[in-house]
Amino acid sequence: MLFGKKKKQDGMPVEMLVKFDKTPIKYVTERDSETFREKKLGDNGALNIMNGEFVIVCGGINVMRCELSKVRVAELMNLSGMTVKGFDLDEKREKSVIAYYSDGYVSASRAKQR
């Protein structure tokens with residue numbers, strides 16, 4: 001460290017992330033690095049923090065699952081959602097998604113039937 005300055009942490013501390021537990025999500029997107037198009041990964045979901053993991057679930061399916069201590073989260077400037085970056089434990093790859101907040105609570109009756 002030069003001049004005793006600490007490197008700024010990338011994203012929110014774990015204490016702040018815990019406040020987002022059970023936050024309803026309208027939809028989640030991921031940008032394709034080759035085509036630069038956004039792909040919708042899921043909708044009508046929630047953010048969950050359990051067993052030391054940060055999990056985004058949409059329609060009962062894990063969209064992204066990362067270790068809580070290693071995930072990097074930052075809210076969008078307009079506070080309509082958040083960017084989540086980290087190593088997805090399900091897909092075994094580095095992933096970056098945008099989760100947009102829902103206006104209210106997600107219920108099973110509003111979920112799309114497959």
Side-chain angles (χ1 to χ4, degrees):
M1 283 191 290
L2 189 59
F3 302 113
K5 289 186 179 181
K6 291 183 179 180
K7 183 180 175 186
K8 187 177 176 185
Q9 184 181 5
D10 187 23
M12 293 182 196
V14 174
E15 296 80 29
M16 286 185 70
L17 289 176
V18 173
K19 294 179 183 177
F20 288 102
D21 190 26
K22 296 179 182 58
T23 299
I25 296 295
K26 189 183 296 183
Y27 61 94
V28 180
T29 63
E30 180 179 25
R31 186 167 295 233
D32 185 2
S33 60
E34 294 176 10
T35 63
F36 300 106
R37 292 182 182 232
E38 287 202 17
K39 176 183 173 186
K40 191 173 186 181
L41 300 178
D43 53 2
N44 293 330
L47 299 172
N48 294 311
I49 296 175
M50 55 187 170
N51 302 328
E53 294 178 344
F54 185 88
V55 185
I56 302 174
V57 179
C58 290
I61 300 169
N62 288 351
V63 173
M64 186 169 182
R65 185 171 66 97
C66 301
E67 289 183 38
L68 185 59
S69 60
K70 295 182 180 177
V71 69
R72 296 175 311 279
V73 176
E75 278 197 286
L76 300 177
M77 288 178 70
N78 63 2
L79 302 177
S80 66
M82 63 173 53
T83 60
V84 181
K85 297 178 183 180
F87 185 78
D88 189 352
L89 298 171
D90 293 332
E91 294 186 17
K92 306 284 190 241
R93 68 178 178 99
E94 197 68 27
K95 200 169 178 181
S96 176
V97 301
I98 301 173
Y100 295 92
Y101 303 137
S102 176
D103 296 336
Y105 292 97
V106 177
S107 67
S109 62
R110 288 184 13 198
K112 270 200 276 188
Q113 299 299 317
R114 295 184 184 198

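Every heavy atom of this structure was used, including side-chain atoms; hydrogens, water molecules and symmetry mates were not. Start at 1 with the first residue, then count along the sequence.
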Query - Separation of Met16 CE from Glu75 CD (nearest 0.5 Å) - result: 7.0 Å
Query - Contacts of Thr29 that satisfy side chain to side chain donor-acceptor pair (under 3.5 Å) - sequence neighbours left out - result: Glu38
Query raised in the report: Can you tell me how far the OG1 atom of Thr23 sits from the CD1 atom of Ile56, to the nearest 0.5 Å?
Result: 10.5 Å
Requested in this report: Report the residues that fulfil side chain to side chain donor-acceptor pair (under 3.5 Å) with Ser80, sequence neighbours left out, ordered by chain and then residue number.
Outcome: Asn78
Requested in this report: Say whether Val55 and Val73 are linked into one hydrophobic cluster, either directly or through other cluster members, by side-chain heavy-atom distances under 4.5 angstrom.
Outcome: no
Query raised in the report: Is there a path from Val84 to Val14 through hydrophobic residues (I, L, V, M, F, W, Y) whose side chains come within less than 4.5 Å of each other?
Result: yes
Query - Heavy-atom closest contact (Asn48 atom, Val57 atom, distance) - result: ND2-CG2, 3.7 Å
Query - Non-hydrogen atoms of Leu76 and Met82 that approach each other most closely - result: CG-N, 3.9 Å
Query raised in the report: How long is the span from the CD atom in Glu67 to the CZ atom in Phe54, to the nearest 0.5 Å?
Result: 14.0 Å
**Report entry** Pair Arg72 + Glu94, salt bridge at N-O below 4.0 Å
**Finding:** yes
**Report entry** Minimal non-hydrogen separation, Thr83 against Ile98, with atom names
**Finding:** CG2-CG1, 4.0 Å
Report task. Kindly compute the distance separating CD (Glu30) from OG (Ser96), expressed to the nearest 0.5 Å. Result -> 7.5 Å
Query - Whether over 12 other heavy atoms sit under 6.0 Å from Asp32 CG - result: yes
Requested in this report: Please list, chain by chain and in numerical order, all residues satisfying side chain to side chain donor-acceptor pair (under 3.5 Å) with Asp90, sequence neighbours excluded.
Outcome: Asn62, Arg65
Report summary line: By side-chain contact (heavy atoms from CB on, under 4.5 Å), Glu15 pairs with (sequence neighbours left out) Pro13
Query raised in the report: What are the two closest heavy atoms between Cys66 and Phe87, and how far apart are they?
Result: SG-O, 3.5 Å
Report summary line: d(Ile25 CD1, Cys58 SG) to nearest 0.5 Å is 7.0 Å
Report summary line: Heavy-atom closest pair (Ile49 atom, Asp21 atom, distance to 0.1 Å) is N-OD1, 2.9 Å
Query - Set of ring pair (Phe, Tyr, Trp, His ring centres under 6.0 Å) partners for Tyr100, sequence neighbours left out - result: Tyr27
Query raised in the report: Can you list the residues that meet the side chain to side chain donor-acceptor pair (under 3.5 Å) rule with Glu91, with sequence neighbours excluded?
Result: Arg93, Lys95
Query raised in the report: Closest approach of Leu47 and Phe20, non-hydrogen atoms and distance?
Result: CB-O, 3.7 Å
